[in-house]
Amino acid sequence: MAQTVSIKEVARLADVSVGTVSNVLNRPEKVAESTRIRVQTIIEQTGFVRSESARQLRAGSSRMLAMLVLDMGNPFFVSVAKGAERAARDAGLGVMLGNSAGSGDEEAYYLSLFAEQRVRGVLVTPADHSGHHVREFARHGIPFVHVDRLVPEADGCSVSVDDVAGGTLAVRHLLAAGHRSVTYISGPMGLPQCRDRHAGALAALAEAGLPADALRHVETARLDVASGIDAASRLLGLRERPTAVFCANDLLALGVLQSLYAAGVRVPDDMAIVGYDDIEFAAAAVVPLTSVRQPSARMGRTAAELLIEETGEDAAEHRHRAIVLQPELVVRGSTLRRPG
């Protein structure tokens, strides 16, 4: 294994002080040209690379943001992360990524790690619904922005989507297509997103003059394809099956679609499906999936821009904001009955 060359070794070989080498790296205008050329030659010959972490500790400022997402297995969060990464790159910064996988323990681990690394700031979609871990992290004085979660401005910046509006869009669409037997398939109802989408579905029923019990509800342990398959098997076992389902995300919806397809249930003729997020795979499904689109990349970029503003040169002028983006319904074959 090649040995890392230290700044002291560069100084010895160039016959200068460590401070002179530091000036060549950071303030070259302060060093005589002949000395600067000699030091740069030694740097090139030895392959010396400065320790960015050491520089950051001395300067008290990191060039790394950190991002903690809820589930990197969900393409939605991949898109959010890409948006944040692009904003960071445009600002000359990097992003350190962590995946809590919906676990409070994992969330606590990564937030502790980010604090140890003295990152510039953190973008976080909380797994701990109480917010305890984020409050503990805030004691370190490192700025953070909530992503995909609305919080009071007093608690920091946040960027989210109006999930109540999204749930209303989904069920309003199904009701307009003539469905009166609708089931909402959610992930854990401890997640605010799942609760808000359910509230939106109930609002659509009320808007149509239908009672709340017209919407059946199947709760799943996770927001993934396997949970969607399991939920669909429960629906298929009912004597009176719903004619439409609204799923809390596209992974659940794709699992439902897979299960119905295997059972010979025609989509949308026998059962219509609406998903949520509009991930890339939604349009590519065997029956293209109608979905409530979240502006995921925009969410990540906006959150990162808020964090960069809060940690930049104009930080003193920064004011916390709670930004709520609007969803839109993308209609495809899973809810459009064929004529005839």
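Residue numbers start at 1 and run along the sequence shown. None of the values given here were measured: they were computed from a predicted structure.
- For R197 (side chain) and G167 (main-chain N/O), no donor-acceptor pair under 3.5 Å exists by modelled atom type.
- The shortest non-hydrogen separation linking T311 to P143 is CG2-CG, 3.6 Å.
- Distance check: T302 OG1 to I323 CD1 gives 6.0 Å after rounding to the nearest 0.5 Å.
- Side-chain contact between L257 and S334 is absent, with no heavy atoms from C-beta onward closer than 4.5 Å.
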| field | side chain to side chain contact (heavy atoms under 4.5 Å, CB included) between D148 and L70, worked out | value | CA-CA 10 Å; D148 196 30; L70 201 61; 6.0 Å; no
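- Atom CG of L307 is separated from atom CD1 of I142 by 10.5 Å, given to the nearest 0.5 angstrom.
- Judged by distance alone, the side chain of S22 and the main-chain N or O of V18 form no donor-acceptor pair under 3.5 Å.
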| task | Begin with the C-alpha distance, continue with both residues' side-chain angles, and end with the deciding distance and a verdict on side chain to side chain contact (heavy atoms under 4.5 Å, CB included) for M96 and Y110. | result | CA-CA 10 Å; M96 179 190 305; Y110 275 110; over 6 Å; no
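- Only one option out of T20, V16, L25 pairs with V31 in a side chain to side chain contact (heavy atoms under 4.5 Å, CB included); it is T20.
- Atom CG of residue D71 and atom OG of residue S103 lie 12.0 Å apart, to the nearest 0.5 angstrom.
- R216 CZ to I185 CD1: the interatomic distance, rounded to the nearest 0.5 Å, is 10.5 Å.
- Checked for salt-bridge contact, E85 and K82 miss the test: no charged N lies under 4.0 Å from a carboxylate O.
- Under the 4.5 Å side-chain criterion, counting only non-hydrogen atoms from C-beta, H140 is not in contact with R118.
- Contact record, V39 with A14: CG2-CB, 4.0 Å, taken as the closest heavy-atom pair.
- No side-chain donor-acceptor contact under 3.5 Å links S158 to the backbone of A322.
- T168 places a side-chain N or O within donor-acceptor distance of the main-chain N or O of V164, the cut-off being under 3.5 Å.
- The other residues sharing a hydrophobic cluster with V324 are L150, where clustering joins ILVMFWY side chains under 4.5 Å apart.
- Of the possible donor and acceptor atoms, none in the side chain of H146 sits under 3.5 Å from a partner among the backbone N and O of G156.
- For E305 (side chain) and A87 (main-chain N/O), no donor-acceptor pair under 3.5 Å exists by modelled atom type.
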Determine all donor-acceptor pairs shorter than 3.5 Å in which one atom belongs to a side chain in residues 271-288; sequence neighbours excluded.
from, atom 1, to, atom 2, distance (Å)
Y276, OH, D163, OD1, 2.8
D277, OD1, Q294, NE2, 2.6
D278, OD1, R332, NH1, 2.9
D278, OD1, R332, NH2, 3.1
D278, OD2, R293, NE, 2.7
D278, OD2, R293, NH2, 2.9

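- Of all heavy-atom pairs spanning C194 and G187, the tightest one is SG-N, 3.6 Å.
- Residues T290 and H173 have side chains that never bring a donor and an acceptor to within less than 3.5 angstrom of each other.
- Counting heavy atoms from C-beta on, the side chains of F246 and L215 never come closer than 4.5 Å.
- Side chains of T46 and E9 form no contact here, defined as non-hydrogen atoms less than 4.5 Å apart.
- With rounding to the nearest 0.5 angstrom, the CG atom of L68 is 12.5 Å from the CZ atom of F144.
- Closest approach of S100 and E106 over heavy atoms only: O-CB, 3.3 Å.
- The CG atom of N23 lies 7.0 Å from the NZ atom of K30; values are rounded to the nearest 0.5 Å.
- The two residues A81 and L97 make their nearest non-hydrogen contact at CB-CD1, 4.4 Å.
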| task | Assess whether salt bridge (Lys or Arg N to Asp or Glu O under 4.0 Å) is satisfied between E309 and R321, documenting all intermediate values. | result | CA-CA 12 Å; E309 176 187 286; R321 279 166 282 169; 2.6 Å; yes
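- Although no hydrogens or angles enter the test, the distance criterion places no donor-acceptor pair under 3.5 Å between the side chain of D250 and the main chain of A253.
- Between the side chain of R63 and the main chain of G92, a donor-acceptor pair closer than 3.5 Å is present.
- Within the 3.5 Å criterion, the main-chain N or O of R149 finds no donor-acceptor partner in the side chain of S160.
- Nearest approach of A303 to L123, heavy atoms of both residues: O-CD2, 3.5 Å.
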Please tabulate, one pair per line, all N/O donor-acceptor pairs under 3.5 Å involving side-chain atoms of residues 221-237, not counting sequence neighbours.
from, atom 1, to, atom 2, distance (Å)
R222, NE, D224, OD2, 3.3
D224, OD1, S227, N, 2.9
D224, OD1, S227, OG, 2.7
S227, OG, R222, O, 3.2
D230, OD2, R234, NH1, 3.4
S233, OG, D230, O, 2.6

| request: Determine, step by step, whether V147 and V159 satisfy the side chain to side chain contact (heavy atoms under 4.5 Å, CB included) criterion, reporting the C-alpha distance in whole Å, the side-chain angles of both residues, the deciding distance to 0.1 Å, and the verdict. | output: CA-CA 5 Å; V147 184; V159 183; 5.5 Å; no
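- Residues T183 and V245 form a side-chain contact, since some pair of their non-hydrogen atoms from C-beta on lies under 4.5 Å apart.
- Side-chain contact between V80 and S296: present, with at least one pair of heavy atoms (C-beta onward) separated by less than 4.5 Å.
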| request: Take R241 and V265 through the test side chain to side chain contact (heavy atoms under 4.5 Å, CB included) and record every step on the way to the result. | output: CA-CA 11 Å; R241 297 174 182 172; V265 176; 3.7 Å; yes
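- Tested against S186, the residues E219, H217, H198 include a single side-chain hydrogen bond (donor to acceptor under 3.5 Å, both in side chains) partner, H217.
- Counting heavy atoms from C-beta outward, S181 and E240 have side chains that stay 4.5 Å or more apart.
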